[in-house]
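Read the structure below first, then the notes.
All figures in this text were calculated on a predicted structure; none of them were measured in a lab. Proteins come first, then strands; the chains are lettered A, B, ... in the order of their sequence lines, and each starts at number 1.
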Amino acid sequence: MEYKFRDIEKKWQAYWRKEGVYKVSNDLPGPTCYVLDMFPYPSGAGLHVGHPLGYIASDIYSRYKRLKGFNVLHPMGFDSFGLPAEQYALETGQHPAETTKKNIATFKSQLDNIGFSYDWSREVQTSDPHFYKWTQWIFLQLFDSYFCNTEKKALPISLLIKKYETKGAMPKTGEPIPGKHFTATQWNAFSEKEKADILMRRRLAYCGYGEVNWCEALGTVLANDEVINGLSERGNHPVVKKTLRQWYLRITAYADRLLEGLETVDFSEAMKEMQSNWIGKSTGAEINFNLSTGTSPIRLTPNPSPRGEGGVIRVYTTRPDTIFGVDFIVLAPEHELTLQICTPEHKAAVEEYILHVKSRSERERMAEKKITGIFTGAYCIHPYSGREIPIWVSEYVLIGYGTGAIMAVPCGDERDHKFAQHFHIPITNIIGDHYQGGEANPTKDAVLANSSFLDGMVMRDAIDFVAEKMEKEGIGIRKIHYKMHDAAFSRQRYWGEPFPITWNEGTAHAIDKKELPLLLPHVDTYHPGPNGEGPLANIKEWVEAKRETNTMPGYAGSSWYFLRYMDPENEKEFCDRKFSDYWGQVDLYIGGTEHAVGHLLYSRMWTKCLYDLGLIGFDEPYKKLVNQGMILGSSRFVYRVHGKNLYVSAGLKDQYAADPIHTDVNIVDGVELDIEAFKNLREDHADAEFILEDGKYLCGAEVEKMSKSKFNTVNPDDIVEKYGADTFRMYEMFLGPVEMSKPWDTKGIEGVFRFLKKFWRLFFDETRGLVVTDEPPLPSEWKVLHHAIRKIGQDTEKFSFNTAVSAFMIATNELTDLKCHKRQVLEPLLILLCPYAPHIAEELWQILGKTSSITRATYPVFKEEYVKETAMLYPVAINGKTRTELNLSLEASQQQVEEMVLANDIVKKWLEGKAPKKIIYVRNKMINVVV
RNA sequence: CCGGAUGUGGUGGAAUUGGUAGACACGUCAGACUUAGGAUCUGAUGCCGUAAGGUGUGGGGGUUCGAGUCCCUCCAUCCGGACCA
């Protein structure tokens, strides 16, 4: 009987669906395992062969765990709110809900085609009101919570109110600052609006004015991780800074816990590095520099400012030890004090400079890399030496980090050094020989010189010494800064979760939780509303109800979706605590690196909040994270001669003036173009002419990212149609380690295809039909099986799927050579193969006379004892080749035995008297014994 | 510029973690069966050499009886962050 893969696959996919084979229950005894894929955004383009890589890996792992007796949660869903559907709606007028629905249907059919073991009864869609009801609910939890700095955790805001009512908010030491501190009596006397404003400053989800990344082309704000080099991640549109009222998540409050949590999870080093860089914690000190009153006309500012106030400029440094190396102070151009302190004769020039900086986008600024800056005419007094220090303004100091002002130490900092050289500012050397005048040396190991009371001290030790001294003397304080800012949480868009918030007299009110979900209303136009507001501002009733017109960003739903899978139909809670306790953390999370700083950080933060509020029992969502590599497309080029409909073969292209043009990789066999297919591809190709070499047209090739525009995408449906889902699954794994990027090459799939056909022939003979026998296997046949079990088990456990596939091939080849068609060998092999190629396994399982599905039961094959017990019976070849040194010391104990029938344990016992230290195997052959 | 990863045949990639480098597969070549094959099977295939033999894991150096694997250094590619004080 022939291996009719398509019939088999369709049959079993229908069976699985009908019988609900992959439905999981929330209360089975025994160990659980939660295997999760990053759910996709259902784009209109559908899946290409790169997408399922991670899904296949996770599917193999979950099926494997299931066969081993775990209760496995392996769900799938869709991140269905988001910009592209809305952009599409703007262009075509189609409702995003409709296009999304259509796209999801395509995705699901493509996924089902590959034979995944998802429990679709648990599917979630972030744009489904039953789902976003709980996104809104969790948002309200965040809105109603604050971060307690003493307990370092989120607490209900009602506790804060109680505290304010009884104790107020007074500083532990020092004078209370008006506007910041207040007594209980004062609090109780505040108006509702005043109270609300104060509370807003503490809420985990809060509304405030701030500089945001505004993208004019998209008509919305973007989070920092959605902006790359001053351009939007989606669409590459320019992004500018703009002050707007926005919702934020107070993720900075969790900065330390997000960092600490990294140590408890199994992420790759690269991933941890990326996250901690993004958080960007640095410890240092803020130091006050008094302005020299002689040189500048200072107006005392009435409002205290963290950047400095009155006659003081506050700088941030990580190196307080270099205090005596300060040669100048630099303010960011946007710094509030810049214009206040500059002397009249410099004012015009400074204003002009600030204008110049503002006029350029961040992008232009970074591209230029010119040193710019201007002197303000004002001076500071060095807190210890009393020296006058000039104050400059320069764009290399960023307003958004630290205090927006720095103390420049040219001998120790590269940028300060370049600046000093450029403007001929004299440089003080405080590190002796470590600085030669050529370039700055950021060492911490130098012995300080020219540094008054610090002379002779090693810099590393001086850092803390100075910081402490400054704190005592009130000159500065130790301070920790983060690069990470609070996350902008509102978008001026339609296709997102509406905020469950109404505005009254300028204060935000949570809507009653009983009214959730607050449904996304119908709109007539997807165009932005007035004043940079979203489309919701165009709806009369919405505005009259004083509802928030922003919607939540794409990452809202994805921040907690993994919890909903545990209890997807619950209408009373986002997830029953009983079930989140049952399943616990995600044991394995598979997805791309692109979410390193966005989704992963946000969902980690939400998890921590929910944990703090006692709603779930763990504070890190993902125990282990695997980042699958990208499958790259292999693009093909044809070379068109200038101005003609004439194409020249790649080898001859240099003889003509020809441009490379992407052509569809699917009509190219290797590099040979299918000329007929090419002519039919597009109308203007119909009468194309070709210059061939050796009678063939050869294309150029290049490896690039897979994308529609490069015509190098391969649709998994086509591959499944031609080779079958099982071949496709195994080939994707066979390509290489899951974590690695690699180019797709359709040609190579033949090898895996041949393997499955060969495997089929272990059961079926072309002429004789079913050839499986009940004869007891020979030792050599057992040996093949047991090598396979051990190797494939280990490989699957450690995600080495490519070598596991190889092991299948080896075993199959060996059994073919042995002409082994014995049930006792083939049956366990089928069980092993099941996670990788479930359809063929099911079919053969049935053919062997089994009545139940192979995919659902558990088998002793995977138990340690199974292999060990039987392994004892088999021969281990020993080929003790001696080596130079060992030869000398071990001569007496070296046994040169070839093909000796002994189990490993027996060998060990046999050598016991000689106390073997190490037995060296090479590919399961013992080659040497170290005694 | 900083940080992370990677570097092995014509190609994708193995190598028990310091122990016969190149498993498995693609491709290529030769052969068998075929009217025919892009089906199937067999054999060969790192490089140089007719062979004996030599050589070989990005380059150079080191540790070791022994290095693809560990250390130093340089080079290349990919990814991420980039004026973060």
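- When Watson-Crick and G-U wobble pairs are counted only if both distances are under 3.5 Å, B/C41 pairs with B/G31.
- Nearest nucleotide to the side chain of A/Tyr401, out of B/A25, B/A15, B/A85: B/A85.
- Remark: A/Asn813 is in phosphate contact with B/A25, judged by side-chain N or O atoms under 4.0 Å from OP1 or OP2.
- We find that CD of A/Glu269 is positioned 19 Å from P of B/G80, with the value rounded to whole Å.
- Taking every side-chain heavy atom of A/Ile406 into account, B/A85 is the closest of B/C24, B/C26, B/A85.
- For the P atoms, the distance from B/A14 to B/U6 is 12 Å, rounded to whole Å.
- Among the atoms of the strands shown, none is found under 4.0 Å from any heavy atom of A/Pro743.
- Summarising the base pairing, B/U64 is matched to no nucleotide, lacking a Watson-Crick or G-U wobble pair whose two defining distances lie under 3.5 Å.
- At B/U40, one or more side-chain N or O atoms of A/Lys757 fall inside 4.0 Å of OP1 or OP2 (strictly under the cut-off).
- Pairing for B/G80 is with B/C2, a Watson-Crick or G-U wobble pair whose two hydrogen-bonding atom distances lie under 3.5 Å.
- Among B/G4, B/C41, B/A85, the nucleotide with an atom closest to any side-chain atom of A/Thr317 is B/A85.
- At whole-Å resolution of the value, NZ in A/Lys742 and P in B/U6 are 14 Å apart.
- Remark: P of B/C24 and CG of A/Asp817 are 11 Å apart, rounded to the nearest angstrom.
- Rounded to whole Å, the P atom of B/U55 lies 25 Å from the corresponding atom of B/C70.
- Going from atom CD of A/Glu273 over to atom P of B/U6 covers 14 Å, rounded to whole Å.
- Atom-to-atom, CG of A/Leu735 to C1' of B/G13 comes out at 10 Å; the value is rounded to the nearest Å.
- The side chain of A/Met274 lies closest to B/G80 when the candidates are B/A85, B/C24, B/G80.
- Atom CG of A/Asp745 is separated from atom C1' of B/G13 by 13 Å (rounded to the nearest Å).
- Across all strands shown, nothing is found opposite B/A52 as a Watson-Crick or G-U wobble partner with both distances under 3.5 Å.
- Checking the phosphate oxygens (OP1, OP2) of B/A14, a side-chain nitrogen or oxygen of A/Asn802 falls inside 4.0 Å.
- Considering only side-chain N and O atoms, A/Arg754 lies under 4.0 angstrom from the phosphate OP1 or OP2 of B/C26.
- Nearest to the side-chain atoms of A/Thr803 among the listed nucleotides B/U40, B/A14, B/A85 stands B/A14.
- For the pair A/Met733 CE and B/A14 C1', the interatomic distance rounds to 17 Å; values are reported in whole Å.
- Across the C1' atoms, B/U45 and B/U77 are found 28 Å apart, a figure rounded to whole Å.
- When both pairing distances are held under 3.5 Å, B/G18 makes no Watson-Crick or G-U pair with any nucleotide shown.
- Aromatic ring pairs are classed by plane angle as parallel below 30°, tilted from 30° to 60° and perpendicular above 60°; the pair A/Phe808 and A/Tyr836 is perpendicular.
- Atom CH2 of A/Trp760 is separated from atom P of B/A39 by 21 Å (rounded to the nearest Å).
- Base pairing of B/G7 is made with B/C75, judged by Watson-Crick or G-U wobble geometry with both donor-acceptor distances under 3.5 Å.
- Annotation: the span from A/Met274 atom CE to A/Phe267 atom CZ amounts to 12.0 Å, rounded to 0.5 Å.
- With B/C26, B/G4, B/C24 as the choices, the nucleotide that has an atom nearest any side-chain atom of A/Ala270 turns out to be B/G4.
- Between B/G54 and B/C71, the distance separating the two C1' atoms is 30 Å to the nearest Å.
- Using a 90° window around 0 for the glycosidic torsion, B/U8 falls outside it and is classed as anti.
- Contact detail for A/Met733 and A/Val738: the closest heavy-atom pair is SD-CG2, 4.4 Å.
- Comparing the P positions of B/G49 and B/G58 gives an interatomic distance of 23 Å, to the nearest angstrom.
- Distance noted for atom C1' between B/G18 and B/U69: 7 Å (whole Å).
- Residues A/Lys483 and A/Ser741 both approach RNA chain B. Their nearest nucleotides, taken by heavy-atom distance, put A/Ser741 toward the 5′ side.
- Nucleotide B/C24 has B/G12 as its partner under the Watson-Crick or G-U criteria, with both atom distances under 3.5 Å.
- Spacing between B/A23 and B/G68 at atom C1', rounded to whole Å, works out to 15 Å.
- Residue whose closest nucleotide on RNA chain B sits further toward the 5' end, between A/Ile810 and A/Pro737: A/Pro737.
- Nucleotides B/A36 and B/A32 are separated by 15 Å at their C1' atoms, to the nearest Å.
- Applying the 90° cutoff around 0 to the glycosidic angle, B/G9 is assigned syn.
- For A/Val397, counting side-chain heavy atoms from C-beta on, the closest listed nucleotide (B/A85, B/A14, B/U40) is B/A85.
- The aromatic rings of A/Phe423 and A/Trp392 are tilted relative to each other, their planes meeting at an angle between 30° and 60°.
- Between A/Tyr396 and A/Phe419, the two ring planes are tilted [angle within 30° to 60°].
- If you run side-chain contact (heavy atoms from CB on, under 4.5 Å) between A/Arg604 and each of A/Ile251, A/Val265, A/Leu262, only A/Leu262 comes through.
- Between the side chains of A/Tyr316 and A/Ser282, at least one donor-acceptor pair of N or O atoms lies under 3.5 Å.
- Rounded to the nearest 0.5 angstrom, A/Glu739 CD and A/Ile590 CD1 are separated by 9.0 Å.
- Between A/Tyr396 and B/A85 there is no side-chain polar atom (N or O) within less than 4.0 angstrom of OP1 or OP2.
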